[in-house]
Number of protein chains: 2
Amino acid sequence: MHDPKDLKNAGLKATLPRLKILELFENSEQRHLSAEDIYKIMITNGEDVGLATVYRVLTQFEQAGLLVRHHFESGKAVFEMNEGTHHDHIVCIKCGRVEEFYDEEIEKRQKAAAEKYGFSMQDHSLTIYGTCTKTSCNES
Amino acid sequence: MHDPKDLKNAGLKATLPRLKILELFENSEQRHLSAEDIYKIMITNGEDVGLATVYRVLTQFEQAGLLVRHHFESGKAVFEMNEGTHHDHIVCIKCGRVEEFYDEEIEKRQKAAAEKYGFSMQDHSLTIYGTCTKTSCNES
DNA sequence: GTAGCTGCAAATGGTTTGCACGCGG
DNA sequence: CCGCGTGCAAACCATTTGCAGCTAC
């Protein structure tokens with residue numbers, strides 16, 4: 001899973017902070033984590049890490065294609081594992097819940113619109129914002 | 001167009017900075033402007049305005065429904081006039097060019113996806129990121 | 001052993017806020 | 001005239017960067 005192999009391939013040394021961060025993404029129940037989230041979890045776990053390192057590692061992982069960065073309107077970036085499967089997101093602007101989905105037709109039409117206007121599309125996912133309708137949306 | 005009426009309706013006094021900023025959005029060839037953009041233009045035009053005021057006015061206008069705020073990945077927010085017509089955006093991540101489009105089918109499918117996951121959709125526009133393919137994309 | 005990493009602290013960039021003055025109604 | 005609105009400076013918050021010591025290989 002998170003072999004030092006992945007890091008080697010990216011030209012990165014297999015250091016403690018890097019391995020721990022990869023591990024976090026694999027074991028956390030939350031797929032989408034911010035730098036601050038990760039930093040706090042690591043400090044809680046007793047790791048001696050700096051916030052700057054977390055930011056540096058996340059950026060390196062993004063460039064290496066291990067993670068994908070999203071912005072989600074909140075003012076802070078969140079990251080998720082890059083499993084190669086493109087998908088879009090729906091985000092609750094009240095409680096922050098994130099769901100993922102994929103719609104072939106939307107993809108086709110996005111691409112068509114991009115080409116029509118002379119753009120080469122990036123693999124940037126669509127994000128829909130809304131509010132949870134079901135139940136427990138009692139945000140801070 | 002930019003009658004003090006709009007401002008009155010929003011419970012805002014028709015002050016110089018507010019009128020000038022509205023005017024800017026109506027007369028500028030760029031539909032999408034950041035706070036910094038607006039500030040610089042006004043200073044250049046000889047207005048004695050503060051950046052803080054620009055931010056405050058933009059936020060008020062957004063709340064009054066006169067403007068819409070977007071984030072576009074760049075780290076800085078941009079605003080456009082709210083003409084009531086919902087549309088999506090394609091943004092060049094190299095040169096910043098913005099095009100607008102609308103696709104009925106995408107809208108339908110977005111809404112369907114949102115409902116499927118228990119969300120009530122906001123009128124938040126889809127943003128596609130890509131790079132200009134045609135020609136003059138020589139960014140700073 | 002050495003280049004690449006790290007933690008810390010300071011710097012940055014966008015945005016917000018506190019405050020005393022000043023203009024709009 | 002009264003209070004909302006303003007400019008200025010300082011505060012904030014996410015993120016980046018400079019630097020001296022440390023570590024993986």
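Every heavy atom of this structure was used, including side-chain atoms; hydrogens, water molecules and symmetry mates were not. Order of the sequence lines fixes the chain letters, A, B, ..., with proteins taken first and strands second; residue numbering starts at 1 for each chain.
Rounded to a whole Å, the CD1 atom of B:Ile38 is 14 Å from the P atom of D:dG7. Put simply, CD on A:Glu47 is 14 Å from C1' on C:dT6, counting in whole angstrom units. The separation between B:Phe72 atom CZ and C:dG14 atom P is 17 Å, rounded to whole Å. The separation between B:Leu19 atom CG and C:dC23 atom P is 16 Å, rounded to whole Å.
At D:dT6, one or more side-chain N or O atoms of B:Arg18 fall inside 4.0 Å of OP1 or OP2 (strictly under the cut-off).
In the hydrophobic cluster analysis, where Ile, Leu, Val, Met, Phe, Trp and Tyr join through side-chain heavy atoms closer than 4.5 angstrom, B:Val49 is grouped together with B:Tyr55. Cluster membership check: A:Tyr117 shares its hydrophobic cluster with A:Ile106, using side-chain heavy-atom separations under 4.5 Å among Ile, Leu, Val, Met, Phe, Trp and Tyr. Hydrophobic clustering places A:Leu7 together with A:Phe79 (ILVMFWY residues linked when any side-chain heavy atoms are closer than 4.5 Å, directly or through intermediates). Note on B:Tyr129 and A:Tyr102: separate hydrophobic clusters, where clusters join Ile, Leu, Val, Met, Phe, Trp and Tyr whose side-chain heavy atoms are under 4.5 Å apart, directly or indirectly.
By the 4.0 Å N-to-carboxylate-O rule, B:Glu105 lies too far from A:Lys108 to be salt-bridged with it.
Nearest nucleotide to the B:Lys8 side chain, out of C:dG7, C:dG25, D:dT6: C:dG25. Considering only the side chain of B:Lys13, D:dG5 comes nearest among D:dA24, D:dG5, D:dG7.
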Quick one: what's the B/S/- string for nucleotides 10-22 of chain D, heavy-atom cutoff under 4.0 Å, read 5' to 3'? ----SBBBB----

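In this structure, B:His70 has its ring center under 6.0 Å from that of B:His89.
Axis angle between the ends of the helix from C:dG1-D:dC25 to C:dG25-D:dC1, five pairs each and rounded to 10 degrees, works out to 30°.
Closest heavy-atom contact between A:Thr131 and A:Cys92: CA-SG, 3.7 Å.
Listed for the A:His87 side chain is a donor-acceptor partner under 3.5 Å among the backbone atoms of A:Thr85.
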